[in-house]
Number of protein chains: 2
Amino acid sequence: MPVIEKVRAPSRRKPRVAAPLPLDTILRGDCVAAMKALPDASIDCIFADPPYNLQLGGELFRPDGSHVDAVTDDWDRFDTFAAYDRFTRAWLKEARRILKPNGTIWVIGSYHNIFRVGTAVQDMGFWILNDIVWRKSNPMPNFKGTRFTNAHETLIWASMGEKARYTFNYRSLKTLNDELQMRSDWEFAICSGAERLKGEDGHKVHPTQKPEALLYRVMLAATHPGDVVLDPFFGTGTTGAVAKRLGRRFIGIEREEAYIAAAEARIEAALPLDESLLRTMQAPRNAPRVAFGTLVENGMIAPGAVLTDAKRRWRVTVRADGSLAGDGGEGSIHKLGAAVQGAPSCNGWTFWHIEAEGGLAPIDTLRQQWLLATQP
Amino acid sequence: MPVIEKVRAPSRRKPRVAAPLPLDTILRGDCVAAMKALPDASIDCIFADPPYNLQLGGELFRPDGSHVDAVTDDWDRFDTFAAYDRFTRAWLKEARRILKPNGTIWVIGSYHNIFRVGTAVQDMGFWILNDIVWRKSNPMPNFKGTRFTNAHETLIWASMGEKARYTFNYRSLKTLNDELQMRSDWEFAICSGAERLKGEDGHKVHPTQKPEALLYRVMLAATHPGDVVLDPFFGTGTTGAVAKRLGRRFIGIEREEAYIAAAEARIEAALPLDESLLRTMQAPRNAPRVAFGTLVENGMIAPGAVLTDAKRRWRVTVRADGSLAGDGGEGSIHKLGAAVQGAPSCNGWTFWHIEAEGGLAPIDTLRQQWLLATQP
DNA sequence: AAAGATGCTGAATCTCGAT
DNA sequence: TATCGAGATTCAGCATCTT
């Protein structure tokens, strides 16, 4: 391909460049039009709760905002699905443009729309990381007894592509779940009581207000403090309220003035958490690295010391450079641990032990002591 | 449109007429070809467990170094989403033809394929009645800590069209569920132990054998005794074994001779109406486990709240992710409780206390309040 | 004999930064 | 962009062995 092609290719459209982001504000209007005004690769996370009243006799809007009539016969059914698909791909296209390369997108829906959304997400190059089930502890019963009680909704979580990086605060979520990995099924009550926004008439302001606990978990899992979270179907602003509480920035897009007014009042009243409380558990992955040799250099462990595995099956000697030597060969704590086990890899910190008061202790305890003594 | 069109339209192909159905047998071959040999509108219910198109990468090892036996069979490999979609629509087309007008179809899948299946189901004119979540009580963990534990699969249940009638044994399901309406989230263990078919080498016969309890509930809900249930991806015949137990007829389609042999032996050994299975399904696994983080997410306790032990020797602060932070370090209620005491373990629920009316109260009282408020 | 210890396994899109 | 090496990473259920 001639060089000139390489130069021309990226300029097919004018990239939106660094205009300041409208942080912590609600943009009024159509979500596609509003997203078009935002710069490329500027958003860390998108949470989207698109309309999915496709088959309920409710309203469906085409990308241009025009109304699609509820219809029942086959031809029109196809037309309705096709219109919904066009709408979905239109807003997903802009969402993809404004997301950073390491950003992620969340979309929530029910069986009426989530399969179409998921197919579009995959077709557009996003890479699904998980589907999450929100189990409702108090769903509306199926009054007619004609089907199973519709007791859940589905969220799709996707990165920008198969190789894309993304934020997942594994350690925080595990802590949140009492030291068990967080699963793909989450249980929350539907939004009601004091949390549910009511108008002056006592009637609910928005028909599908999401519980703050749901957004809380989403943001805790997939964003860092200070990250920008965009919600293109902002409604009454659950995303904004939780973002403020959790020290994230938000951008909302909403077309209904009544929802915007309710959201603004609600977010104004939300209280941000103290920053120290937000500091999520520091993942070991992000903890300062300590080489085993550092411990040797600093006298935490002497050259010549003998290490074994927890069951004393293997026995090795520490050398002056922090390498190990024994029957199984020689090498770093990790390499030799893997070698003696015949395993592809091994965490030497937890595999190798040293004789201590009260029995064997993993050498990782020495590292922890070192970190405690040297970290501010 | 001219009248002749209406007359000609149905005769474009020759309808398959009443050949006797191959009841309670397994047809060997490709599912589309085998279905083409069956007559129109002859099947009451279809249960389909198609390939999931997992798109797995390299090898995966557990933290202990052992190897994960993944699904790498040829039948699960598709080059593109488009190829998978063609495959899906081809078998769904025949499924639709052979289903009776009042029949229903079930399809099970994971996030890798279920959105594409659901879209095809809707596009072809089926009417989704429910999506059902199979919550696995014992899923495989996410060994690398990169995502949420993939702890569920999704089933789609659909009728032949919006106005179509269908079988739903509401009363049976409600009885099965202790007089509560059966919900759209079902909990079962994955298929293991004695139920899991093993070869002479002790290795599993089929990589993705489904639990009989799942099929039991599906058939109990959506078929009558004597109904014909077709499974186009029969595998080792869970559908056939359960059909025999419940007094339904089955037709299986399977390509692999080894699976067919295992299925035939299994179905031969199955006993009709094993009441013990019914009883095990009725026993609700109601051991509600509440994570401390749940109380934080739901506002039972605020980030920033101060906890102490019963004698106020240690003092810690609750953070946004449900972890605690204080002089002794940081961690979950259990880990930090153990750390400050220098103990190997600790029950944080009874160790940590919060200031309440009338003095300190263990945080377990908050858990009890939460359970009271949320349990039926 | 009972209780505890050990080992194996399940539809899984499973690391990251430096060079 | 590919390669290399450090080092982080698991839950429930069942079968079998040990004390």
Side-chain angles (χ1 to χ4, degrees), chain A residues 102 122 126-131 158-159 161-166 168 170-171 174 177 179-184 283-287 289-293 310-311 322 331-335 337-338 343-352 363-364 367, chain B residues 49-73 75-78 81 108-114 134 136-154 188-196 198 202-204 206-211 233 235 285 289:
Chain A
N102 295 348
Q122 289 180 313
F126 292 104
W127 192 251
I128 297 181
L129 298 167
N130 279 113
D131 63 333
S159 70
E162 182 176 359
K163 306 292 184 194
R165 301 272 172 94
Y166 55 92
F168 178 53
Y170 174 76
R171 214 30 265 181
K174 188 168 176 176
N177 197 33
E179 294 302 321
L180 285 180
Q181 290 190 335
M182 188 67 79
R183 298 167 38 116
S184 59
R285 198 167 279 163
N286 299 333
R289 290 195 166 194
V290 178
F292 183 65
K311 292 178 189 167
S332 73
I333 55 173
H334 312 295
K335 284 283 185 216
S345 67
C346 167
N347 184 345
W349 290 109
T350 52
F351 179 74
W352 294 112
I363 57 176
D364 195 45
R367 178 170 62 162
Chain B
D49 182 12
Y52 288 7
N53 189 22
L54 286 186
Q55 301 177 267
L56 299 180
E59 304 281 83
L60 179 64
F61 295 89
R62 298 184 178 81
D64 66 4
S66 64
H67 181 252
V68 175
D69 185 15
V71 178
T72 52
D73 307 66
W75 48 254
D76 196 47
R77 274 206 276 275
F78 296 83
F81 281 132
I108 184 169
S110 66
Y111 68 85
H112 310 83
N113 71 322
I114 198 65
W134 167 25
K136 302 181 184 184
S137 55
N138 51 349
M140 182 154 62
N142 182 292
F143 296 117
K144 303 296 186 188
T146 58
R147 305 180 179 188
F148 298 98
T149 305
N150 197 357
H152 74 276
E153 295 188 21
T154 301
F188 298 111
I190 58 178
C191 184
S192 66
E195 188 185 328
R196 189 80 192 220
K198 306 268 170 53
H203 196 260
K204 60 191 173 191
H206 194 282
T208 71
Q209 184 181 338
K210 295 294 178 287
F233 307 96
R285 294 170 174 271
R289 218 186 58 78

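Scope of the values below: all heavy atoms of this structure, side chains included, with no hydrogens, waters or symmetry mates. So you know, we letter chains A, B, ... as the sequences are listed, proteins then strands, and number each from 1.
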Worksheet item: Should stems be defined as at least three consecutive Watson-Crick or G-U pairs with both distances under 3.5 angstrom, which of them involve DNA chain C?
Response: C:2-10 with D:11-19, C:15-19 with D:2-6
Item to complete: In whole angstrom, give me the gap between the P atoms of C/dT19 and D/dG7.
Response: 14 Å
Anything under 3.5 Å between a protein N or O and an N or O of nucleotides 2-6 of chain D, put it in a table, one pair a line.
none

Discussion item. Could you tell me how far D/dA12 sits from C/dC14 if I compare only their P atoms? Round to whole Å.
Written reply: 23 Å
Practice prompt. Apply salt bridge (charged side-chain N to carboxylate O under 4.0 Å, His left out) to A/K174 and list each qualifying residue two or more places apart in sequence or on a separate chain.
Written response: none
Worksheet item: CG of A/N177 to CZ of A/R183: how many Å apart, nearest 0.5 Å?
Response: 9.0 Å
Item to complete: Identify whether any heavy atom of A/L180 sits under 4.0 Å from a base atom; if not, whether one sits that close to sugar-phosphate; answer base, sugar-phosphate or nothing.
Response: sugar-phosphate
Item to complete: Ignoring backbone atoms, test whether A/Y170 places a side-chain nitrogen or oxygen under 4.0 Å from the OP1 or OP2 oxygen of D/dT10.
Response: yes
Discussion item. Considering every strand and a 4.0 Å limit on heavy-atom distances, what is the contact class for B/N150: base, sugar-phosphate, or nothing?
Written reply: sugar-phosphate
Practice prompt. Taking only the side-chain nitrogens and oxygens of A/K174, find out if one of them lies under 4.0 Å from OP1 or OP2 of D/dT10.
Written response: yes
Response to the item:
Sorted by chain and residue number, the side-chain contact (heavy atoms from CB on, under 4.5 Å) partners of B/H206 (sequence neighbours excluded) come out as B/W75, B/T208, B/T236, B/Y259
Response to the item:
ring-ring contact (aromatic ring centres under 6.0 Å, His included) filter on B/F78, not counting sequence neighbours, yields B/Y84, B/F87
Worksheet item: Once you round it to whole Å, what is the distance between P of D/dG7 and CZ of B/R62?
Response: 25 Å
Worksheet item: What about A/R367: does its side chain form a donor-acceptor pair under 3.5 Å with the base of D/dG7?
Response: no
Worksheet item: B/F148: what forms a ring-ring contact (aromatic ring centres under 6.0 Å, His included) with it, not counting sequence neighbours?
Response: A/W157, A/F168, A/W186
Worksheet item: What pairs with A/D364 under salt bridge (charged side-chain N to carboxylate O under 4.0 Å, His left out), at least two apart in sequence or on another chain?
Response: A/R367
Fill in: Distance between C1' atoms of C/dC16 and D/dT1 (Å, rounded)
16 Å
Worksheet item: Reckon B/G109 touches a base, only the sugar-phosphate, or nothing at all at heavy-atom distances under 4.0 Å?
Response: nothing
Fill in: N/O (side chain, A/K311) to phosphate O (OP1/OP2, C/dG7) under 4.0 Å
yes
Worksheet item: Between A/S184 and B/T149, is there a donor-acceptor pair closer than 3.5 Å when you use the side chain of the first and the backbone of the second?
Response: yes
Item to complete: Indicate, with a heavy-atom threshold strictly under 4.0 Å, whether B/W134 touches base, sugar-phosphate, or nothing.
Response: nothing
Fill in: A/Y170: ring-ring contact (aromatic ring centres under 6.0 Å, His included) partners, not counting sequence neighbours
none
Worksheet item: Is any N or O donor-acceptor pair between the side chain of B/K210 and the base of C/dA11 shorter than 3.5 Å?
Response: yes
Worksheet item: Reckon B/T208 touches a base, only the sugar-phosphate, or nothing at all at heavy-atom distances under 4.0 Å?
Response: base
Worksheet item: Is there aromatic stacking of B/F143 against C/dC14, centre distance under 5.5 Å, plane angle under 30°?
Response: no
Item to complete: Under the ring-ring contact (aromatic ring centres under 6.0 Å, His included) rule, collect the residues that match up with B/F61, sequence neighbours excluded.
Response: B/H67
Discussion item. Any donor-acceptor pair, under 3.5 Å, between the side chain of B/R147 and the base of C/dT13, if you only look at N and O atoms?
Written reply: yes
Discussion item. Could you tell me how far D/dA8 sits from C/dG10 if I compare only their P atoms? Round to whole Å.
Written reply: 29 Å
